[in-house]
Amino acid sequence: MSAQITEGTLAEMRELIARYPEPQSALLPMLHLLQSVEGYVTAEGIETCAAVLGLTAAEVSAVATFYTMYKRRPVGTYYVGVCTNTLCAVMGGDVIFDRLKDHLGVGNDETTDDGVITLEHVECNAACDYAPVVMVNWEFFDNQTPESAVQLVDDLRAGQTVQATRGARVCTWREAERVLAGFPDDRADEGPAAGPATLAGLKLARERGWKAPAPDAGRATGDGGAATKVGAAEQADTTRAESESKLDESPADVVGGKTDEPIDVDKHSGEGSS
Amino acid sequence: MTDTLTPVLSDDWDTDRAWTLRAYERAGGYQALKKALTAQPDELIELVKDSGLRGRGGAGFPTGMKWGFIPQGDDKPHYLVVNADESEPGTCKDIPLMLATPHTLVEGVIISSYAIRATHAFIYVRGEVLHVIRRLQRAVQEAYHAGHLGTNIHDSGYDLELVVHAGAGAYICGEETAMLDSLEGRRGQPRLRPPFPAVAGLYACPTVINNVESIASVPCIVANGAEWFASMGTEKSKGMTLYSLSGHVNGPGQYEAPLGITLRELLELSGGVRDGHELKFWTPGGSSTPILTAEHLDVPLDYEAVGEAGSMLGTKALQIFDDTTCVVRAVLRWTEFYKHESCGKCTPCREGTWWLVQTLARLERGDGTEADLDQLVDLCDNILGRSFCALGDGATSPITSSIQYFRDEYLAHLTHGGCPFDAEAATLFAAERVPA
Ligand SMILES: Cc1cc2nc3c(=O)[nH]c(=O)nc-3n(C[C@H](O)[C@H](O)[C@H](O)COP(=O)(O)O)c2cc1C
Ligand code: SF4
Ligand code: FES
């Protein structure tokens with residue numbers, strides 16, 4: 001056992017395993033935990049997971065190499081990911097990424113000599129309404145410019161406290177990995193609930209007095225709303241009568257026709273595009 | 001007439017410390033759960049069927065019907081897996097929802113699990129969103145402490161365990177069967193169907209997989225009724241939904257409206273396309289949905305009408321690109337994404353996406369010939385419908401649609417000997433960098 005993987009680590013791995021109906025489900029969290037302990041996925045870490053789960057090292061390795069968040073080389077204190085998927089790239093992500101490479105003197109997926117920053121371009125991080133986006137240890141830095149991104153990495157290298165736009169004060173990459181493994185750091189209360197873009201539609205609706213229909217809207221059609229029926233069952237506690245009354249109450253009807261064959265569920269849902 | 005915008009899911013996003021249990025309960029949170037627990041599970045399935053709710057993860061499959069496929073009275077455990085992988089380029093609705101009001105999702109999970117008789121539920125959230133994961137973890141902790149989760153929930157005799165599970169960076173894990181393999185601790189690769197997850201999903205047991213927004217829509221349906229929900233939207237696309245506007249617009253962000261609003265209306269509301277520029281092309285629901293143009297501004301954004309316009313509603317991720325954007329560059333970048341994210345299981349997608357990138361890159365550099373365009377179309381023909389899962393199909397969408405609408409722009413790269421656009425002009429900070 002290395003200096004880093006301790007009895008405590010093994011105990012935490014077993015704690016993770018206990019959260020799942022089947023042990024191997026804990027493998028992804030265990031790999032996140034390993035990264036928090038060792039700074040990347042080491043050969044020894046893979047052996048440890050394999051031993052704990054009763055798998056071969058090859059099996060664990062096949063999983064670890066499949067996912068981009070598991071790193072095969074030590075990561076800096078701060079992992080800086082610049083979104084260069086189409087929307088962010090067009091909005092300035094490409095320029096930001098180039099500027100950071102120049103400024104830090106590193107290429108993609110490389111770490112500065114002082115070990116502070118690992119720079120990589122990342123895929124769409126589900127923050128396109130804040131493009132261009134930079135992630136630091138998976139915290140959101142919204143609406144970046146080349147100048148703000150350079151300032152950001154300079155602050156990180158100078159050891160200053162850095163506050164995410166929609167998130168907490170940035171912790172280290174290893175600390176972040178520990179949270180991802182499933183061990184909360186109790187910093188959920190930091191940062192805002194939402195940024196301005198998140199609230200754009202809501203703000204407009206408030207200004208114009210727009211609202212969803214009042215809850216009894218359905219009753220206007222003459223038939224009691226379904227929620228009212230559930231409520232009625234609550235009082236009467238005669239669920240039999242309730243389900244009978246349901247039968248004639250389907251104004252919304254089921255979309256897409258009826259079928260009992262599971263075939264359609266997954267054929268259709270598998271065609272999903274998200 | 002319903003109002004133009006109808007905040008329901010987003011209605012509490014501006015409250016103080018919206019993510020806390022206290023704020024959520026003060027706004028009436030967890031009342032729907034209490035109501036649901038007095039109903040029979042089947043009644044809830046009927047309710048959701050009646051509401052017309054369709055999956056918000058992209059495919060629009062009726063949620064109640066999906067739940068109805070779960071076998072009744074079998075001895076196997078049932079599972080609910082919430083798809084919080086949100087990685088489809090352009091899609092950015094689930095993440096802000098979970099950041100602002102994670103309890104809406106947690107309450108939805110409990111009600112939905114009760115309806116399908118699941119005793120174990122998982123929120124599979126992409127790993128690259130640290131603070132969202134913190135908020136989810138906290139919400140789940142709070143829900144346990146309040147007795148909304150755990151054993152004998154509110155004396156109903158119903159037990160539920162809920163685990164927040166962070167992924168590790170793989171777009172394909174958003175595909176529901178790949179997600180199951182990933183949750184079982186394997187490489188995230190899609191499974192052959194049948195068997196379907198409703199019959200043999202997680203650990204070969206009956207499993208429902210639903211998108212975050214789908215599950216988060218359940219509490220309001222229970223609270224207000226199926227008819228209330230169905231009073232919003234269009235004939236076959238019911239309810240309100242989150243539209244995400246991004247790109248070259250003056251007011252990017254989340255707009256919650258009844259299904260069927262048009263992009264023209266959304267742009268008018270939000271301040272339009274970036275000043276001094278015009279709409280060139282847009283995606284209705286992420287990069288896997290064929291692009292549309294200014295001709296389509298009046299298409300109602302519901303499942304049917306967007307389909308008729310030759311695309312798909314998808315995730316309602318409206319990525320807007322103005323006249324400064326090179327469509328070839330945009331498409332190449334998306335294609336590189338699909339190549340990178342192809343899981344490698346099937347040949348048409350694994351090899352095909354590689355060839356697509358080669359050919360597109362050549363065209364973008366101005367090194368190609370017109371024959372390359374035909375080759376692109378051929379390659380797409382060989383991928384579409386021949387791939388093992390919808391990732392391969394999605395990879396062809398931007399290519400075929402962009403060639404359909406912008407063939408000349410591809411050709412201009414050849415005559416110009418490279419990209420005729422100034423990439424700087426497309427950036428958000430373009431104005432600030434006008435030479436002094
Ligand atoms: C490549 C690929 C990626 C997907 N990513 C997501 C995703 O991130 N989130 C999501 O909810 N659905 C995603 N889907 C769709 C799911 O397979 C599935 O249809 C959906 O989660 C079902 O939930 P719903 O019925 O509530 O929409 C993806 C599908 C494919 C093919
Ligand atoms: S289509 Fe692509 S992502 Fe889907 S199974 Fe085939 S190789 Fe994997
Ligand atoms: S494209 Fe960058 S966050 Fe979506």
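Below, read A as the first sequence line, B as the second, and so on, with proteins coming before strands; counting in each chain starts at 1.
- By number of non-hydrogen pairs under 4.5 angstrom with chain A, the leading residue of Leu332(B), Leu183(B), Asp85(B) is Leu183(B).
- By number of non-hydrogen pairs under 4.5 angstrom with chain A, the leading residue of Ala18(B), Gly64(B), Ser182(B), Gly251(B) is Ser182(B).
- Taking all atoms of both residues into account, the shortest heavy-atom contact from Glu190(A) to His131(B) is O-NE2, 2.8 Å.
- Nearest heavy atoms, Pro252(B) versus Ala200(A): O-CB, 3.8 Å.
- The aromatic ring centres of His165(B) and Tyr20(A) sit less than 6.0 Å apart.
- For Arg17(B), the part sitting under 4.5 Å from any heavy atom of chain A is the side chain, from C-beta outward, and nothing else.
- Put simply, the residue from Leu87(A), Thr86(A), Asn85(A) that forms a side-chain contact (heavy atoms from CB on, under 4.5 Å) with Pro89(B) is Asn85(A).
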*Please walk me through it: do Arg333(B) and Glu123(A) pass salt bridge (Lys or Arg N to Asp or Glu O under 4.0 Å)?*
CA-CA 10 Å; Arg333(B) 192 59 60 87; Glu123(A) 297 301 353; over 6 Å; no

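- Residues Pro213(A) and Met232(B) are in side-chain contact: their nearest non-hydrogen atoms beyond the backbone lie under 4.5 Å apart.
- Judged by distance alone, the side chain of Glu128(B) and the main-chain N or O of Asn137(A) form no donor-acceptor pair under 3.5 Å.
- For the residue pair Ser246(B) / Tyr130(A), no side-chain donor-acceptor distance below 3.5 Å is found, with atom types taken as modelled.
- A salt bridge between Asp94(A) and Arg329(B) is present, with a side-chain N of the basic residue lying under 4.0 Å from a carboxylate O of the acidic one.
- Taking the charged nitrogens against the carboxylate oxygens, Asp11(B) and Arg206(A) do have a contact shorter than 4.0 Å, which makes a salt bridge.
- Annotation for Tyr67(A) and Ala168(B): closest pair CB-O, 3.2 Å, computed over non-hydrogen atoms.
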*Would you sort out whether Asp189(A) and Arg134(B) count as a salt bridge (Lys or Arg N to Asp or Glu O under 4.0 Å), showing the intermediate values?*
CA-CA 9 Å; Asp189(A) 285 336; Arg134(B) 285 195 183 105; over 6 Å; no

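- Checked by atom type and distance alone, the side chain of Gln254(B) never pairs as donor or acceptor with a backbone atom of Thr198(A) at under 3.5 Å.
- The residues Asp3(B) and Arg208(A) are annotated as not salt-bridged, no charged nitrogen and carboxylate oxygen being separated by less than 4.0 angstrom.
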_With side chain to side chain contact (heavy atoms under 4.5 Å, CB included) as the criterion, how do His340(B) and Thr68(A) come out once you've worked through the C-alpha distance, each side chain's angles and the decisive distance to 0.1 Å?_
CA-CA 10 Å; His340(B) 182 249; Thr68(A) 55; 3.8 Å; yes

